[in-house]
Amino acid sequence: MRTKIAGMGYYVPERIVSNKEFESIMDTSDEWIQERTGIKERRFGKAHLETTTTLGARAAEAAMSDAGVEKNDIDFIIFATLSPDYYFPGCGVLMQRELKMTKNEAGALDIRNQCSGFIYGLSIADQFIKTGQYKNILLVGAEMHSMGLDFSTRGRNVSVIFGDGAGAVILQPTDDDSEGVVNTVLHSDGTYAEELAFINPGCHGGYHSNKEQYGYPDTDFGGVFLTQKMWDDQMIFPNMNGQLVFKMAIQKFPEVIISGLNKAGLNVSDINMLIPHQANLRISQFVQHKLGLRDDQVWNNIQRYGNTTAATIPIAMCEARDAGKINKGDLVCIAAFGSGFTWGSALIRW
Ligand code: ACO
């Protein structure tokens with residue numbers, strides 16, 4: 001028994017935000033952004049009208065239609081995001097409500113694995129399918145980053161990178177050993193958890209650093225989620241040590257891809273299409289050259305969408321298929337690295 005991708009879909013908001021638009025709100029330039037990241041533009045959802053949940057719902061509808069399944073055929077939902085509508089409950093149940101697919105009360109699981117969220121989600125779905133527990137899993141990766149970024153110059157190293165979007169797949173069992181998920185490899189190392197993180201507001205109480213840094217009052221009863229100091233110092237946005245992320249990413253991407261290939265008894269030369277998480281075009285190009293892959297064997301769309309975190313891989317995979325670049329029998333490799341740090345890869349025989 002294997003897990004196959006029975007359908008895919010994606011949704012990106014209509015509004016295109018060019019690098020030039022950032023020039024008017026912060027100290028940056030189109031040239032800097034393109035040179036360091038490869039990004040030319042990204043999409044931003046309609047604030048107050050669209051959310052991570054609604055973007056995910058649009059992608060889910062497209063994937064269900066592509067797979068030819070109805071809402072109530074879905075027996076499990078996995079939703080990966082780092083920009084949830086609410087702290088809790090998760091976007092999985094919100095999307096279930098949004099799509100009016102509560103009739104069969106399918107379980108919904110939210111996962112918090114940032115850039116590698118889609119690969120972690122695929123791995124979880126693969127286990128459920130292989131054990132026979134579920135037959136139609138809806139896996140969604142979605143982000144509405146634009147609601148949570150610092151658009152002042154202080155936040156420029158992060159805000160110019162991220163964009164909004166969603167991608168989804170329907171996963172089903174197959175008896176055909178020549179298709180489907182070959183394997184998944186998952187890793188993490190929390191040593192650098194704060195180097196790429198969205199820390200406040202939160203329940204940490206200064207535990208990982210010190211109370212004073214965040215302005216926690218002396219109290220035995222907690223009850224402080226957001227302090228005045230966090231607000232005054234605007235410590236309420238994502239932060240990123242870009243150089244460390246870059247350095248780790250270019251090491252871990254090739255490692256985890258090779259590890260998956262080795263486990264399957266395959267070689268880099270067996271890969272037809274590599275779809276890396278779209279973190280930075282320079283990272284993808286480094287990985288491509290390290291593995292010796294041709295330009296037409298790697299799908300990049302960060303130029304148009306920026307980094308949509310959990311959504312980059314399903315969006316890119318869907319685009320590549322629609323462009324006729326992935327065909328029956330092809331070996332597709334997806335890989336990601338990001339906050340946590342968490343990273344992973346998956347090999348899929350189309
Ligand atoms: N516009 C203009 N200048 C900027 C900007 C900006 N948007 N952002 C930073 N700078 C400045 C910095 O302030 C710094 O100025 P200084 O020299 O006067 O101090 C200078 O540019 C260089 O900054 P660095 O951080 O050293 O620039 P670097 O070449 O490392 O590029 C970048 C930054 C693009 C973030 C890079 O480190 C990177 O891509 N790292 C990987 C990050 C990544 O991929 N993140 C996403 C993955 S994680 C995830 O998906 C959740």
Side-chain angles (χ1 to χ4, degrees), residues 17-42 52 80-84 111-120 141-146 148-167 187-190 192-199 237-254 256 275-288 300-303 305-316 334-344:
V17 179
S18 69
N19 293 341
K20 280 267 169 225
E21 286 189 54
F22 282 101
E23 291 180 6
S24 61
I25 55 169
M26 62 174 75
D27 183 11
T28 190
S29 65
D30 176 36
E31 194 190 3
W32 191 98
I33 300 169
Q34 285 208 46
E35 190 189 307
R36 308 284 174 127
T37 70
I39 298 165
K40 294 180 199 286
E41 61 191 34
R42 75 285 293 140
T52 296
T81 186
L82 67 65
S83 51
I111 53 172
R112 300 283 306 272
N113 282 74
Q114 299 71 251
C115 308
S116 52
F118 184 80
I119 291 180
Y120 269 74
E143 308 286 355
M144 180 89 169
H145 285 307
S146 59
L149 295 171
D150 177 359
F151 290 114
S152 73
T153 294
R154 188 189 41 225
R156 65 184 178 174
N157 70 321
V158 175
S159 1
V160 300
I161 292 179
F162 292 97
D164 301 341
H187 287 290
S188 65
D189 176 353
Y192 301 110
E194 286 78 15
E195 301 295 333
L196 176 50
F198 196 157
I199 289 171
F237 293 110
N239 63 276
M240 175 174 72
N241 178 344
Q243 292 193 2
L244 176 68
V245 175
F246 200 102
K247 203 176 85 186
M248 297 292 291
I250 59 173
Q251 181 193 333
K252 295 301 180 188
F253 262 105
V256 78
I275 300 184
H277 163 56
Q278 308 287 300
N280 181 319
L281 189 61
R282 308 286 161 253
I283 294 175
S284 298
Q285 286 169 337
F286 183 95
V287 176
Q288 175 186 335
N300 288 303
N301 61 13
I302 191 170
Q303 301 92 326
Y305 302 133
N307 178 346
T308 57
T309 307
T312 69
I313 291 176
I315 294 176
I334 60 177
F337 175 89
S339 163
F341 294 130
T342 64
W343 62 101

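Every number for a ligand or one of its atoms is a count from 1 in the order of the listing.
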Distance-minimising heavy-atom pair for Leu149 and His145: CG-O, 3.3 Å

About how many Å separate CG of Asn307 and CD of Glu143, when rounded to the nearest 0.5 Å? 8.5 Å

When rounded to the nearest 0.5 angstrom, what is the spacing between CE in Met240 and OG in Ser159? 9.0 Å

Checking Asp27 now: which residues fulfil salt bridge (Lys or Arg N to Asp or Glu O under 4.0 Å) with it, not counting sequence neighbours? Arg156

Within the 4.0 Å heavy-atom cut-off around ligand 1, the contacting residues, ordered by chain and number, are Asp27, Thr28, Trp32, Arg36, Thr37, Cys115, Arg156, Asn157, Val160, Ile161, Phe162, Leu196, Met240, Gly242, Gln243, Val245, Phe246, His277, Ala279, Asn280, Ile283, Asn307

Side chains of Trp343 and Met248: does their closest heavy-atom pair fall under 4.5 Å? no

More than 12 heavy atoms of other residues, nucleotides or ligands under 6.0 Å from OH of Tyr192: is that the case? no

